[in-house]
> 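The structure follows.
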Amino acid sequence: MSPTASPYGPRAETGPPGITAKLLGFCEELRGEGVAVGTSEILDAFAALEQVPWESRDDFREALAATIAKSQEDRRVFELLFERWFFRAAEAEAIEREVSEQGQRHEGAERLDIDELREQIRQAIVEGNDGEMRDLARLAIAAFGRQGEGSGVVGVDVQRIRRTLELSAGTQPQGEATDGAADRPPIDRDQLNRFERHLRRELERDLIERTETLPPARPLAELDRALPTSPTQDLAAVHRAVSQMKRRLATLGHEQRGRRRSQVVDVRRTMRASLETGGVPMHLRYRPKRPRRPEIYVLCDVSTSVTSASVFFLSVLHALHDSFRKLRSFVFIERISEVTEIFEHERDFREIARRVSSEGGVADVSGYTDYGRVWLEFLTEISDDLDPRSTVIVLGDARTNGREPHAEVFAQVSERAGRLFWLNPEPKLYWNYGDSVMAAYERHCDGAFECWTTRHLENFVNVVAGGVPAAE
Amino acid sequence: MAKAQPPDSVAETKQALAAASYLADESAALVSFLAQRLGKPILVEGPAGVGKTELAKALSRASGRELIRLQCYEGLDEAKALYEWNYRKQLLRIQAGGESGWDEVHGDIFSEEFLLERPLMQAIASPEPVVLLIDEIDKTDQEFEAMLLELLSDFQITIPELGQVAATSMPIVVLTSNNSRELTEALKRRCLYLWLDYPELEREMEIVRLHTPDLSETLTRRLVEVVRMVRALDLKKPPSIAETIDWARTLLLMGAEDIDRETFEQSMSIIVKHRTDIDLVAERVGMKLSAPTQAG
């Protein structure tokens, strides 16, 4: 391995041989997973690694992470890959050299009886000592593996071992094992998770050793990391996108008024400033410009045809309410109903969803959306408040169920409002098929977007800000 | 304490920070260490109130450097962050030297004497190395970020009339962000990244103990546990570390011996500061606490 040239001069190989190639390979893989790792970042990583001891696993990882993973999302991918890459590298080496630690492991397990092991593990978890936990995890696996209980599926084994060890978060375990140990501190959930991670890792290692093959090279599917898995996580992403939108909408007004913003001279302050220069108003003072507050009206379809999207829509509304003070929100199916109150007073998302469906009073008889009627009602109720400074955002699929779309009423709404955007939860491909009348409405919108993931939402925010839409 | 001398190991950095009463976790200590060794800025992100700004202050105390702070806000511009020409003084100079020729005056009034230094310029021009804190960088717009790039990578500022002003000493630069918007790639590329999160139970207990050593061990544990319970709820503004400390001080003043429902409801407003949050917390957390004992 020849030393790599760098702006810091030819670099002497530090640390274990071959590490340069290994790290470059790691960065390459990170790029493959969509993390933007620039050359300058790789150079930084090398510079940083020269400063920390190689042997310390944590320092090594943190130093790499600080220079390479520059956001929370990146960090998540980094962690996943780091484990797999460096851990797999060690395993690959072991297989190549046909090293096995089988014998040694059994020896260790035989000397321990199960209760003692249980107690030790509990102790290690409470103390949060990583090294100890790792060793004990191996012992536990060996102890249970010996009884021929391995199922071959890592996740199943982890849970079984955990149960056998009577580890559960928060509560005291019931049964004989707790006799005479009632004053044990309960186990923190995070700590327990850490132990489970060690178990999982060691089991994977075991599996590799047994089958002498490595896990598939690309275990990180797009689904595995990017897409939100739980509603709370989703909510966080939506909140982020919306707070970006807030900034953009707030500064948008200025841009529209052109580069040379006209300013108003503040006579009083100018006169006062002129005292310094003997009454000659040398320094003009201007009235401070305050960013205008955007007024936003959001109309959200909650009918059955958009059921899958309505959770997403409601979370968008939820996030909007956190960011904008002058926001009025409406839900509609056959009729329209204002729900601003509910969002302002309720914090819990599930509760909001419940109250919107029970108190909204938007379904009449059929439960099918009637867009035409909704526009008519919206116009009569609210149109006096609409002015060129207001933005209207419609969340809906534009499926009228064969009823009159009243596009001309929609056009009036569009005329009164400053801007009007439509977010449609269906892919563009399906627009105008069947009873969708998107085309009729799209003409009157300042923009219509497909939107069913946070990514689309961000895209929308970008377009609103006058930027280019992110590439799909 | 190390004086402007980069520390030799991570442990040393950690110790120095602890001596400046900041208990850094592993990654915070490591990144601070790297920043001093490599001369790179640190970008600290994380939720509000986890001690991002405090880290910069602690670094300044630990390294014995002066702290220069630039608080960012919407509409912050070069004139307030970098430098400005003191043109009242320039006018006076022109008036005072009425006889001298154009060339002379022109060369004269655009010299450093007529320059008003703003925080960034100050940090660069300071003869002693400093710690520069650029707080809440996410509050500014992208244009401002772009302006910072020259400063962050080369530690120099270009003034059209004067040319480049290079740093006389290497500042430690700390940028903080509440993650309210994505920062540009270009900015991130130049920084070491540090994500600070709410500390774990044990570490938060240590932090509380550091600031209120008189509070009993059991009560400290109880207090931190309750705060963590409150944070687990979906609140508008979860309690920060500073608020935990404030609460600990309050309990000390109240002479509380245990956190029961009554004590909690009396002092809750110290950690929860939104009307809707208060209702939620009272309902979810207050109920879990034991009712006040008769004796208490």
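Below, chains carry the letters A, B, ... as their sequence lines are ordered, and counting in each starts from 1.
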> Not counting sequence neighbours, which residues clear side chain to side chain contact (heavy atoms under 4.5 Å, CB included) with B:L116? List them please.
B:E84, B:N86, B:R118

> Among all residues two or more places apart in sequence or in another chain, which pass the ring pair (Phe, Tyr, Trp, His ring centres under 6.0 Å) test with A:F78?
A:F26, A:F82

> How many angstroms lie between atom CD of A:E62 and atom CD of B:E26, to the nearest 0.5 angstrom?
8.0 Å

> Can you name the closest pair of heavy atoms from B:Y87 and A:H283 and give their distance?
OH-CE1, 3.0 Å

> Measuring heavy-atom distances to chain A, does B:L91 have an atom under 4.5 Å in its side chain, in its backbone, in both, or in neither?
side chain

> Can you confirm whether more than 12 heavy atoms, excluding those of B:E225, are under 6.0 Å from its CD atom?
yes

> Counting heavy-atom pairs under 4.5 Å to chain A, which of B:S27, B:S9, B:G46 comes out on top?
B:S27

> Knowing that exactly one of B:R189, B:K40, B:R190 qualifies, which makes a side-chain hydrogen bond (donor to acceptor under 3.5 Å, both in side chains) with A:D44?
B:K40

> I would like to know whether B:L30 and A:D58 meet side chain to side chain contact (heavy atoms under 4.5 Å, CB included); could you show each step before the answer?
CA-CA 10 Å; B:L30 184 92; A:D58 285 340; over 6 Å; no

> Determine whether a donor-acceptor pair (N or O, by modelled atom type, separation under 3.5 Å) exists between the side chain of A:K70 and the backbone of B:C191.
yes

> Out of B:L38, B:V10, B:D8, B:V31, return the one with the most heavy atom pairs under 4.5 angstrom to chain A.
B:L38

> Sort B:E185 into side chain, backbone, both or neither according to what part of it lies under 4.5 angstrom from a heavy atom of chain A.
side chain

> Verify the neighbour count for atom CZ of A:R31: are there more than 12 heavy atoms of other residues, nucleotides or ligands below 6.0 Å?
yes

> Using heavy-atom distances under 4.5 Å, tell me whether B:R275 contacts chain A through its side chain, its backbone, both, or neither.
neither

> How far does CZ of B:R37 sit from CD of A:E50, to the nearest 0.5 angstrom?
10.5 Å

> Side chain from CB out, backbone as N, CA, C, O: work out which of these in A:E41 comes under 4.5 Å of a heavy atom of chain B, or both, or neither.
side chain

> More than 12 non-hydrogen atoms from neighbouring residues, nucleotides or ligands closer than 6.0 Å to CD on B:E78, yes or no?
no

> Return the minimal non-hydrogen interatomic distance between B:L34 and A:A48, and the atom names on each side.
CD2-O, 3.6 Å

